[in-house]
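Within every chain, numbering begins at 1; the chains are lettered A, B, ... in the order of the sequence lines, protein sequences first and strands thereafter.
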Protein chains: 2
Amino acid sequence: MISSIAELIADRIGTMPAGERRAAQTLIASYPMIGLKTVAEFSAAAGVSSPTILRFVARLGFQNYPEFQSSLQDELAAQLQSPAIRTLNPPSPNGGTVSPMLEATLENMRETFRHLSDRQLADIAARLAERRGKTFLIGGRFTDPLARYMAAHLAVIQPDVFHLAGQESMWRDRLIDMGKRDVLVIFDIRRYQDSLVRFAEKAHQRGVHIVLFTDQWLSPIARFARHVIAGRTAVPSAWDSSAALFVVAETLIGAVTRQLEADGARRIREMEGLR
Amino acid sequence: MISSIAELIADRIGTMPAGERRAAQTLIASYPMIGLKTVAEFSAAAGVSSPTILRFVARLGFQNYPEFQSSLQDELAAQLQSPAIRTLNPPSPNGGTVSPMLEATLENMRETFRHLSDRQLADIAARLAERRGKTFLIGGRFTDPLARYMAAHLAVIQPDVFHLAGQESMWRDRLIDMGKRDVLVIFDIRRYQDSLVRFAEKAHQRGVHIVLFTDQWLSPIARFARHVIAGRTAVPSAWDSSAALFVVAETLIGAVTRQLEADGARRIREMEGLR
DNA sequence: GGAGCGCTGTACCGTATGTTACGTATTTTG
DNA sequence: CAAAATACGTAACATACGGTACAGCGCTCC
């Protein structure tokens with residue numbers, strides 16, 4: 001079975017004429033970067049003419065050059081998605097069935113935070129901490145517990161934190177209370193829920209500051225969101241994993257808490273007194 | 001020092017207008033693949049117009065789009081050359097405040113799973129999968145969302161799954177329905193809630209099979225529990241972290257699902273038909 | 001050694017791509 | 001609340017890119 005273009009080339013390089021073989025060798029030499037550049041650059045690097053490159057690509061079975069490039073990109077994307085899990089985590093002590101799940105989850109978290117800057121988290125935390133308006137949280141079918149989790153914590157350290165639960169009609173009515181000064185935190189991963197999208201759109205129209213927790217494919221709500229947190233969700237299971245988003249949520253909770261403490265919020269001091 | 005385009009974006013995303021921010025978020029979400037495609041595809045994926053994409057790359061300091069793409073390609077090439085760099089993220093590129101939190105969380109998970117045998121998880125999963133009785137789930141003040149999360153999933157793949165919510169009196173009444181054949185999943189971490197302990201004790205007396213998710217100091221409920229999952233909760237934050245327990249819960253959900261599929265559960269097949 | 005075949009490059013073409021100008025909408029500021 | 005500034009998209013534009021026709025060259029095989 002041939003799964004990569006590199007293998008495909010290795011398989012057919014024997015049957016190629018001299019010029020195309022040079023093209024093949026050049027591509028293999030710095031695989032796959034040259035293939036992502038233009039035909040002209042490729043041909044120059046290989047020391048052949050442009051048509052030879054195109055004939056080379058055609059021989060590999062591609063209809064045209066862009067199709068060939070897309071294929072290379074897909075391959076790269078797949079490679080980046082699963083960044084050689086083996087090479088990373090210490091050769092799991094448990095050889096059993098749980099390990100793959102844990103390994104994938106750990107990797108998801110690293111990957112999620114890699115694409116998430118301190119700056120971005122700090123911005124969101126700051127927005128949540130500045131008590132100008134209200135904070136609303138809502139989630140989808142499986143992610144609503146995350147919204148609840150976050151709401152439960154935030155509600156302790158600041159007033160006006162509301163988790164939107166129950167029927168769609170229930171929270172839609174709450175839109176009246178929302179305005180420019182308010183923040184709406186939404187959790188939405190595949191399969192994205194229409195009701196949430198509609199809700200987000202309406203809130204957006206009212207000028208609500210939307211913070212979206214979603215997966216790497218981005219819920220359509222990203223259109224309306226001021227801040228988007230894209231977490232990795234793929235695990236070897238029938239279900240998607242929300243663990244990475246959960247950790248981001250906890251991080252955010254911690255950051256907001258620290259922020260409020262730094263601001264010397266009266267509420268925090270009073271609360272410590274109550275314990 | 002900014003070395004990658006991703007960091008560059010993270011640094012400036014705050015100063016970008018809405019449209020360009022969408023472009024930035026789209027790129028980050030599936031970094032860097034979208035950036036290698038055409039402006040038209042990029043703009044479509046981000047839901048903005050082509051000029052916005054170009055303004056976005058211009059703001060990042062590139063003269064034109066091809067230059068931006070070349071830069072991305074160089075970055076990719078460097079990454080592919082030395083996959084080691086990818087893996088050793090630990091020398092945290094984020095010198096900021098999130099890393100310690102993430103590191104601690106990852107370590108908590110490893111530590112939690114180290115003390116958790118496959119056997120133990122398999123036993124619990126088996127107990128949950130064998131449909132002799134009902135499954136009840138409940139949690140404490142901050143962990144109840146975990147109970148909800150697990151209940152939401154289990155309820156999809158099997159009947160008689162109940163999340164106990166609301167007032168204490170509410171779920172205490174449900175005790176009448178519980179018996180030897182039933183399973184009660186409890187989440188309880190510091191500070192342990194008396195109400196939960198009392199509830200667990202009563203359930204135990206009725207012969208209910210108790211599965212306890214708790215922290216490393218063990219809730220008093222451990223006395224009555226048939227299975228105890230002790231997760232690490234310590235993180236550099238004002239709050240305890242439930243992330244490790246969350247991951248265990250997801251693992252368990254996955255295991256139960258697999259088990260039921262293996263059993264060829266009628267319900268699973270019917271459900272796939274309903275989609 | 002000559003005829004035939006196949007490979008390769010030059011030159012040209014059509015088009016898809018990146019780019020720019022401008023008008024409208026939206027937000028910000030006084 | 002008005003006016004200015006900024007941001008965004010539509011549409012027209014230019015270029016450079018991929019694609020193709022064709023001619024020359026070398027190679028192979030009679």
Side-chain angles (χ1 to χ4, degrees), chain A residues 12-27 32-73 127 132-133 179-182 201-210 222-227, chain B residues 9 12-27 32-73:
Chain A
R12 304 197 184 173
I13 196 170
T15 71
M16 291 181 188
E20 296 177 33
R21 198 173 315 144
R22 289 179 64 181
Q25 285 161 346
T26 308
L27 176 56
M33 299 317 294
I34 291 277
L36 299 178
K37 301 193 185 290
T38 67
V39 173
E41 287 179 277
F42 193 166
S43 66
V48 298
S49 68
S50 307
T52 298
I53 298 297
L54 295 175
R55 282 188 284 263
F56 162 67
V57 166
R59 191 182 299 267
L60 292 179
F62 297 98
Q63 293 300 319
N64 49 35
Y65 196 71
E67 183 181 306
F68 162 73
Q69 286 189 316
S70 294
S71 192
L72 277 180
Q73 287 183 11
R127 190 66 173 81
R132 298 193 313 174
K180 290 189 204 303
R181 317 169 83 84
D182 303 324
E201 183 169 11
K202 298 225 181 66
H204 173 66
Q205 285 164 2
R206 298 185 61 89
V208 178
H209 191 112
I210 295 181
R223 287 183 56 85
F224 315 119
R226 185 65 179 276
H227 295 284
Chain B
I9 292 171
R12 305 199 184 170
I13 197 170
T15 70
M16 291 182 188
E20 297 176 32
R21 203 162 44 225
R22 289 228 294 273
Q25 286 159 346
T26 309
L27 176 58
M33 298 318 293
I34 291 278
L36 299 178
K37 300 192 186 294
T38 68
V39 173
E41 286 178 276
F42 192 166
S43 66
V48 298
S49 67
S50 306
T52 298
I53 298 297
L54 296 173
R55 280 188 286 262
F56 162 67
V57 303
R59 190 182 298 264
L60 292 180
F62 297 99
Q63 293 301 321
N64 49 34
Y65 194 72
E67 184 182 307
F68 162 73
Q69 287 189 315
S70 294
S71 192
L72 276 180
Q73 287 183 10

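With rounding to the nearest 0.5 angstrom, the CG atom of Leu36(B) is 6.5 Å from the CG atom of Leu36(A).
The separation between Phe62(B) atom CZ and dG18(C) atom P is 15 Å, rounded to whole Å. Note: CE (Met16(A)) to P (dT8(C)) measures 11 Å, nearest angstrom. Distance, Gln69(A) CD to dC17(D) P: 11 Å, rounded to whole Å. What separates CD1 of Ile53(B) from C1' of dC8(D) is a distance of 12 Å, to the nearest Å. Glu41(A) has its CD atom 9 Å from the P atom of dG18(D), to the nearest Å. Atom OH in Tyr65(A) sits about 15 Å away from atom C1' in dT17(C), given to the nearest Å.
Within 4.0 Å (heavy atoms only), Pro17(A) reaches sugar-phosphate atoms of the nucleic acid but no base atom.
Using a 30° and 60° split on the angle between ring planes, Phe56(A) and Phe42(A) fall in the perpendicular class, above 60°.
Listed nucleotides dT8(C), dT20(C), dA7(D) differ in distance to Glu20(A); the shortest reach to its side chain belongs to dT8(C). Here dG19(D) is the nucleotide among dT20(C), dG9(C), dG19(D) with the atom lying nearest to any side-chain atom of Leu54(A). Closest contact between the side chain of Thr38(B) and the listed nucleotides dC17(D), dG18(C), dG9(D) involves dG18(C). Listed nucleotides: dG18(D), dT10(D), dT8(C). Nearest to the side chain of Pro66(A): dG18(D). When distances are taken from the side chain of Ser49(A) to each of dT10(C), dT17(C), dG18(D), the shortest belongs to dT10(C).
In the interface, the side chain of Arg55(A) is not paired with the base of dG19(D) through any donor and acceptor atom under 3.5 Å apart.
Under the 3.5 Å distance criterion, the side-chain polar atoms of Gln73(A) are left unmatched by any main-chain donor or acceptor of Ile34(B).
Between Thr52(A) and the phosphate of dG9(C), there is a side-chain N or O to OP1/OP2 separation shorter than 4.0 Å.
In this structure, Thr52(A) and Gly19(A) approach most closely via the heavy-atom pair CG2-C, 3.7 Å.
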